Amino acid sequence: MTGKTHSVTGIFVGLALSSYMGCSGTMTLALSVGSVLGSLLPDIDNVHSKIGSAMPVAEFMVHSCQGAIRALSCVFPRKMKENIRSMAGHRGILHSAVIPAAMLLSLAFAGNAAGIEYFFLCGMIIGDISHMFQDLFSGGIPLLMPVSVRRIRLGSFQTGGIVDRLWRIAMYFGIGYLGLLDLYRMISEYIRI
């Protein structure tokens, strides 16, 4: 899927989670911003990613680490070297269940704090999961990495193709629906007072 599709889906899942949780405006904003960032973050390992161009320092750090891992992998036997290199490439470890699991673990350490950071991290987790779900249909992802480098694929839609565009349009309609739902809720509370 394209960066546009990932980011629009991130906005939708953030708004949907906010609506489900009944969040206030500030918490909705934190969830939505977190989900958009989370929906783009796995692609920072791609040279042509939207998030990489928006965060050049982070992109440089990721690509430097990838280069170092590839260079160090030369000392291992051929099969192990290939597995290590696949972890460091695009749709590598950043597209596995390790990242949302690590974010969930950090959420557990946040405890019962209900601040903006908590909602931002919830948004990042749901955004990251939405990204991986979409990529399951466009080439597959190594969901079980580092245990297995095998890509799991549920479909083979082309990035930027018709399914990608139709999904993005559906997300636009979903965002509009959730926005109207929130507007209705605010107006009905105002009229009740």
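In this text, all values refer to a predicted model and were calculated from it rather than measured experimentally. Keep in mind that the numbers below use all heavy atoms, side chains included, and drop hydrogens, waters and symmetry copies.
Considering every non-hydrogen atom in both V36 and S7, the closest pair reads CG2-O, 3.9 Å. Summarising the geometry of A16 relative to L178, their closest heavy-atom pair is N-CD1, 3.5 Å, with the distance given to 0.1 Å. For the pair I129 and P100, the tightest heavy-atom approach, listed with the atom from each and the gap, is CG1-CB, 4.1 Å. Of all the heavy atoms in L31 and C122, the pair that sits closest is CD2-CB, 3.9 Å. When all heavy atoms are compared, the tightest approach of D45 to G92 is OD2-N, 3.9 Å.
Judged by distance alone, with hydrogens and angles left aside, the side-chain atoms of S19 form no donor-acceptor pair with the main-chain N or O of L15 at under 3.5 Å. Not a single donor-acceptor pair under 3.5 Å links the side chain of S32 to the backbone N or O of L29. Formation of a donor-acceptor pair under 3.5 Å by the S39 side chain with backbone atoms of G127 is not found in this model.
For the pair P42 and I99, the minimum side-chain heavy-atom distance is 4.5 Å or more. No side-chain heavy atom of V98 sits under 4.5 Å from any side-chain heavy atom of M145. The closest side-chain heavy-atom distance from I141 to S96 is not below 4.5 Å. Looking at V8 and F12, their side chains never come closer than 4.5 Å, going by heavy atoms from C-beta outward. Side-chain contact check for L37 versus F120: some heavy-atom pair is nearer than 4.5 Å.
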Please report the C-alpha distance between D128 and M124 in whole Å, then the side-chain angles of each, then the deciding distance to 0.1 Å, and finally whether the side chain to side chain contact (heavy atoms under 4.5 Å, CB included) criterion is met. CA-CA 6 Å; D128 189 70; M124 290 261 313; over 6 Å; no

Determine whether Q134 and D164 satisfy the following criterion, side chain to side chain contact (heavy atoms under 4.5 Å, CB included), listing intermediate values before the conclusion. CA-CA 9 Å; Q134 291 173 68; D164 191 336; over 6 Å; no

Passes side chain to side chain contact (heavy atoms under 4.5 Å, CB included), L94 versus L41? Steps please. CA-CA 8 Å; L94 294 179; L41 199 57; over 6 Å; no

Chi angles and distances behind the side chain to side chain contact (heavy atoms under 4.5 Å, CB included) call for S138, R91: CA-CA 11 Å; S138 62; R91 290 199 182 184; 3.3 Å; yes

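Note on F173: it does not cluster hydrophobically with I11, by side-chain heavy-atom contacts below 4.5 Å among ILVMFWY residues. Residue Y177 is grouped with residue I126 when hydrophobic side chains (ILVMFWY) are merged at heavy-atom distances under 4.5 angstrom, including chains of intermediate members. Cluster annotation: L136 is not connected to V147 through the hydrophobic network of ILVMFWY side chains, with a link wherever side-chain heavy atoms come within less than 4.5 Å. A chain of hydrophobic side-chain contacts below 4.5 Å, direct or via other Ile, Leu, Val, Met, Phe, Trp or Tyr residues, connects V13 to L104.
Under the 3.5 Å distance criterion, with hydrogens and angles disregarded, a donor-acceptor pair is assigned to the side chains of T2 and R168.
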Indicate every side-chain donor-acceptor pair of residues 148-162 with a distance under 3.5 Å to a residue at least two apart or in another chain.
unit_1 : atom_1 : unit_2 : atom_2 : d
S148   : OG     : R150   : N      : 3.2
T159   : OG1    : M1     : N      : 3.3

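Crowding of M21 atom CE: a count of heavy atoms from other residues, nucleotides or ligands under 6.0 Å exceeding 12.
If you take OG on S106 and OH on Y118, they are separated by 11.0 Å, rounding to the nearest 0.5 Å. Interatomic distance, S130 OG to D135 CG, rounded to the nearest 0.5 Å: 9.5 Å.
By the ring-ring contact (aromatic ring centres under 6.0 Å, His included) test, H6 is found to be paired with H131, residues two or more places apart in sequence or in another chain being considered.
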